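Reading through the structure tokens given below for one structure.
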Amino acid sequence: MKPRSAESAAQAQAVWAALRPEDRAWLLSVAEQAGAGGAALVGGAVRDALLGVTPLDLDVVLPDADVEALAGAMGLPFVFHPAFGNATVTLPDGRAADLVRARREVYPVPGGNPLPLPGSLTDDLRRRDFSVNALALHLSPAGVPTLLDVTGGLDDLRARRLRPLHGESLREDASRLVRGARLAARLDLTAAPDLLGQVPAALDMAGHTPRLWAELRLLLHEPRPGRAAGVLRGWGAGSLLPDTALLDALDARRDAGAAVPFTAYAAALLHAAPDPAGLAERLSLGDRPGALLARALSDTPFPDGTPERELRALLRPDAHEPLTGKDVVALGVPPGRGVGEALGHLAALRRAGQVRSADDERAALKAFLATKARQGDPLE
Ligand SMILES: Nc1ccn([C@@H]2O[C@H](COP(=O)(O)OP(=O)(O)OP(=O)(O)O)[C@@H](O)[C@H]2O)c(=O)n1
Ligand SMILES: [Mg+2]
């Protein structure tokens, strides 16, 4: 067996190699200018690189640099946020990267925003949510990469285990419950017993944790939102969402190659919610999902492959595509007022449940036209 340090050197190289060349160059220049403490790539980027996914979202912790001065010296556009001491830098290709001074955090009020205090890189890793998110690739000022694993994240990643870093983690920040479900679903991780034990405390805090609702919105942006909702349910946290069977059905459509946008998932969730307006408000869904849902439930025709049709197939499996003005003209009604009258007649039959297919509609229209002609009142 290789000694642990050699293994970790190989893993440091693997993370380094997984980064884009231009990101490696940028990180080297940050580390060089960041003083004796160098710079560390942290969080999801290191986790994803170890899983063989190219990291695009770079979070960098600086153990002893003046973040604002360093960001200013790099020659790229940036915004400095004094409240958290971090700088959001815009990389040449438009992606955002985050630079922040190493810190520890205290939660004066569980669920509230954490209070940042100065700390070491190790403190900064220990304040995080899960061990797999608490790995760091440290770069010395000379650019030598070292993998830092102070919480056993490598072992957990190997075992595909999602483990919070301490017993109060989900109570202090209940949004971690939803973050965890997103990660578990996306990366196929299993909850450690310690995580499951903290679920009731997180649910108790949900109402006091606005960030949790923001994470539920992000859940709808996951590659498989239905699966992530299923993970929450499996952890005993199904009460956070209305019935999510429709999300599973949309996952299946996505897996089959259908284009299913975020708004379709959000619309499906609204459909299942006892209080759709309240849910839309809590999750900041905006107006588009509700409008999409209304279109999907209407009789307005939409082309195949649109989100309206995808949703309609699930919500009204018996719905057929109603005849359009064009169809009515093709059946012999001259363009004009008569077309509207014919469509109105068909819509009334549809509402009354008297036509169940396009063929039914054609037959009903022919009967209507014949009656009108008999009465000496042809449509024109
Ligand atoms: N409530 C939170 C939010 C974030 N983090 C830490 O901040 C890092 C970056 O957060 P974010 O970008 O939201 O998550 P990623 O892990 O990068 O995952 P994703 O792929 O979803 O961006 C996380 O890895 C984690 O270490 C945390 O500890 N607690
Ligand atoms: Mg991220």
Side-chain angles (χ1 to χ4, degrees), residues 15 18-19 23 40-62 81 84-89 91 95-107 109-116 119 121-138 147-154 156-157 162-166 168-189 195 198 201-202 205-206 208-225 227-228 231 262:
V15 173
L19 294 166
D23 289 352
L41 180 68
V42 296
V46 180
R47 175 200 72 213
D48 288 349
L50 287 165
L51 292 173
V53 179
T54 305
L56 297 177
D57 178 14
L58 306 183
D59 290 309
V60 178
V61 169
L62 305 168
H81 312 278
F84 286 98
N86 66 313
T88 308
V89 179
L91 299 174
R95 279 176 300 143
D98 197 63
L99 293 178
V100 67
R101 183 73 186 255
R103 62 187 198 232
R104 53 200 178 92
E105 273 173 355
V106 290
Y107 286 82
V109 185
N113 280 328
L115 185 69
L121 179 55
T122 302
D123 290 334
D124 199 292
L125 296 173
R126 289 194 191 284
R127 75 178 170 82
R128 290 171 184 268
D129 49 6
F130 302 104
S131 65
V132 295
N133 284 346
L135 293 160
L137 184 76
H138 179 261
L147 196 72
L148 236 77
D149 175 17
V150 293
T151 67
L154 277 176
D156 284 335
L157 202 56
L162 192 63
R163 186 172 54 78
L165 294 188
H166 59 83
E168 292 293 295
S169 178
L170 268 60
R171 199 180 78 85
E172 283 183 348
D173 180 353
S175 74
R176 289 173 169 169
L177 173 62
V178 182
R179 292 177 56 77
R182 287 170 47 213
L183 272 186
R186 193 190 327 152
L187 304 176
D188 208 7
L189 308 176
L195 190 163
Q198 293 185 40
M205 292 305 299
H208 309 281
T209 312
R211 279 196 306 278
L212 181 140
W213 307 107
E215 289 286 343
L216 280 176
R217 181 178 198 281
L218 289 176
L219 182 145
L220 299 177
H221 282 284
E222 286 293 325
R224 290 195 180 88
R227 180 187 287 192
V231 169
F262 157 79

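Since we're looking at a predicted model, the values are computed, not measured. Whatever order the structure lists ligands and atoms in, that order sets their numbers, starting from 1.
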>> Under the side chain to side chain contact (heavy atoms under 4.5 Å, CB included) test against Leu58, which residue among Asp98, Val89, Leu99, Leu19 passes?
In response: Leu19

> Does any N or O in the side chain of Arg128 come within less than 3.5 Å of the main-chain N or O of Asp124, such that one atom is a donor and the other an acceptor?
Replying inline: yes

>> Strictly distance-based, threshold 3.5 Å: is any side-chain N or O of Thr209 a donor or acceptor partner for the main-chain N or O of Met205?
In response: yes

>> When you measure from the side chain of Asp149 to the backbone of Leu135, do you find a donor-acceptor pair of N or O atoms at a distance under 3.5 Å?
In response: no

>> Please classify the Arg186 to ligand 1 contact at 4.0 Å (heavy-atom distances, strictly less than): side chain, backbone, both or neither.
In response: side chain

> Where does Leu183 meet ligand 1, judged by heavy-atom distances below 4.0 Å: at the side chain, the backbone, both, or neither?
Replying inline: neither

> So is Arg47 in contact with ligand 1, going by heavy-atom distances below 4.0 Å?
Replying inline: yes

> Tell me, which protein residue and heavy-atom name are nearest atom 13 (O) of ligand 1, and how many Å apart are they?
Replying inline: Arg179 NH1, 3.0 Å

>> Please determine whether side chain to side chain donor-acceptor pair (under 3.5 Å) holds for the pair Ser169 and Arg176, giving the CA-CA distance in whole Å, both sets of side-chain angles, and the decisive distance to 0.1 Å.
In response: CA-CA 8 Å; Ser169 178; Arg176 289 173 169 169; 3.0 Å; yes

> At what distance is the nearest protein heavy atom to atom 22 (O) of ligand 1, and which residue and atom is it?
Replying inline: Asp57 OD2, 3.7 Å

> Would you say Asp59 has an N, O or S atom lying under 2.8 Å from the Mg ion (ligand 2)?
Replying inline: no

>> Of all the N, O or S atoms in Asp57, which has the shortest distance to the Mg ion (ligand 2)?
In response: OD2

> Which of the atoms of ligand 1 are close to Gly43, meaning less than 4.0 Å from one of its heavy atoms?
Replying inline: 24 (O)

> Which part of Asp173 is near ligand 1, with near meaning a heavy atom under 4.0 Å away: side chain, backbone, both or neither?
Replying inline: side chain

> Nearest to atom 7 (O) of ligand 1 by heavy atom, Arg127, Glu172, Arg128: which?
Replying inline: Arg128

>> Between Arg95 and Leu56 (side chain of the first, backbone of the second, donor and acceptor by atom type, cut-off under 3.5 Å), is there such a pair?
In response: yes

> With a 4.5 Å heavy-atom cut-off, do Val46 and Leu147 have their side chains touching?
Replying inline: yes

> Does Phe130 reach the side chain of Leu195, with side-chain heavy atoms less than 4.5 Å apart?
Replying inline: yes

> Any idea which atoms of ligand 1 are less than 4.0 Å away from a heavy-atom of Gly44?
Replying inline: 15 (P), 16 (O), 17 (O), 24 (O)

> Any idea which part of Arg211 is under 4.0 Å from ligand 1, heavy-atom wise: side chain, backbone, both or neither?
Replying inline: neither

>> Using a 4.0 Å cut-off to any heavy atom of Arg182, which atoms of ligand 1 qualify?
In response: 21 (O)

> Quick one: which of Asp129, Asp59, Leu125 has a heavy atom closest to atom 25 (C) of ligand 1?
Replying inline: Asp129

> What distance separates Thr88 OG1 from His81 NE2, expressed to the nearest 0.5 Å?
Replying inline: 3.0 Å

